[in-house]
Amino acid sequence: VQLQASGGGLVQTGGSLRLSCAASGRTLSAYASGWFRQAPGKDREFVAAISSRHDTYYAGPLEGRFTISRDNAKSTVFLQMNSLKPEDTAVYYCAIDSQRGAYYYPSQFDSWGQGTQVTVSS
């Protein structure tokens, strides 16, 4: 499976962005999907995940500002990001667990997209 993330860009504090992750080579509908991010000089961190049943999970501080969703017909996962802050600046990556539909933990994902840059200016 190949994952293509898009939708990143430059936005001012308080703005919004919607990231998309399109899959090719395999439908996403049966698999757990997730978003992660990596800021300069920091480790990659979990942002959000969605199971094949559309159950959603978030890193605690991001819940309420970020929303993960999926369109199985389009084999695409989305991350809606609102009220963006400069500390949200990072490269955002999408990922899937190519074996399971349920979400258990961040390290379960085994297929990754190339990342899309999100920059939030103050």
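Hydrogens, waters and symmetry mates are skipped; everything else that's a heavy atom, side chains included, is used.
- Under a 3.5 Å cut-off, the side chain of D97 and the backbone N or O of D110 do not form any donor-acceptor pair.
- Checking side-chain atoms of T116 against main-chain N and O of G8 turns up a donor-acceptor pair under 3.5 Å.
- Taking the centre and axis of the six-membered ring of F78, the NZ or CZ atom of R18 falls inside the cone set by 45° and 6.0 Å.
- With hydrogens and angles ignored, the 3.5 Å screen pairs no side-chain donor or acceptor of S111 with any backbone N or O of A95.
- Summarising the geometry, atom OG belonging to S20 is positioned 12.5 Å from atom CG belonging to L3; distances are rounded to the nearest 0.5 Å.
- Heavy atoms only, all atoms of each residue included: S33 and I96 are closest at OG-CG2, 3.6 Å.
- V118 pairs with exactly one of V91, L79, L19 by the side chain to side chain contact (heavy atoms under 4.5 Å, CB included) rule, that one being L19.
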Full working for side chain to side chain contact (heavy atoms under 4.5 Å, CB included) between L84 and F66: CA-CA 9 Å; L84 283 163; F66 289 14; 4.0 Å; yes
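- Ion pairing between D88 and K85 fails under the 4.0 Å rule for side-chain N and carboxylate O.
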Side chain to side chain contact (heavy atoms under 4.5 Å, CB included) assessment of Q117 paired with Y92: CA-CA 6 Å; Q117 176 70 48; Y92 283 71; over 6 Å; no
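- One finds the OH atom of Y31 at 10.0 Å from the OG atom of S52 (value rounded to the nearest 0.5 Å).
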V77 and D71: CA distance, side-chain angles, deciding distance, side chain to side chain contact (heavy atoms under 4.5 Å, CB included) verdict: CA-CA 6 Å; V77 177; D71 184 336; over 6 Å; no
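- In terms of heavy atoms, A102 sits closest to Q108 at O-NE2, 2.9 Å.
- Counting only distance, with no hydrogens or angles, the side chain of Y57 and the backbone of Y105 share no donor-acceptor pair below 3.5 Å.
- R70 contributes atom CZ, which lies 7.0 Å from atom OG of S29 (distance to the nearest 0.5 angstrom).
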Stepwise ring pair (Phe, Tyr, Trp, His ring centres under 6.0 Å) check, F36 with F109: CA-CA 10 Å; F36 292 73; F109 297 101; 5.6 Å; yes
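- Proximity of the aromatic rings of F46 and Y103 is defined here by a centroid distance below 6.0 angstrom, and this criterion is met.
- Aromatic ring pairs are classed by plane angle as parallel below 30°, tilted from 30° to 60° and perpendicular above 60°; the pair W112 and Y93 is perpendicular.
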Check against side chain to side chain contact (heavy atoms under 4.5 Å, CB included), C21 and T76: CA-CA 5 Å; C21 178; T76 302; 5.5 Å; no
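- Under the 4.5 Å side-chain heavy-atom criterion for Ile, Leu, Val, Met, Phe, Trp and Tyr, I50 and L28 are members of the same hydrophobic cluster.
- One distance of note links CG of L17 with CD of Q80; it measures 8.5 Å at 0.5 Å rounding.
- Distance CG/L62 to CZ/R37: 5.0 Å, rounded to 0.5 Å.
- Between S16 and N82, the side chains place a donor N or O and an acceptor N or O closer than 3.5 Å (distance only, hydrogens not considered).
- Proximity of a side-chain donor or acceptor of T89 to a complementary backbone N or O of V120 within less than 3.5 Å is detected.
- Note that the OG atom of S83 and the CZ atom of R65 stand 7.0 Å from one another [nearest 0.5 Å].
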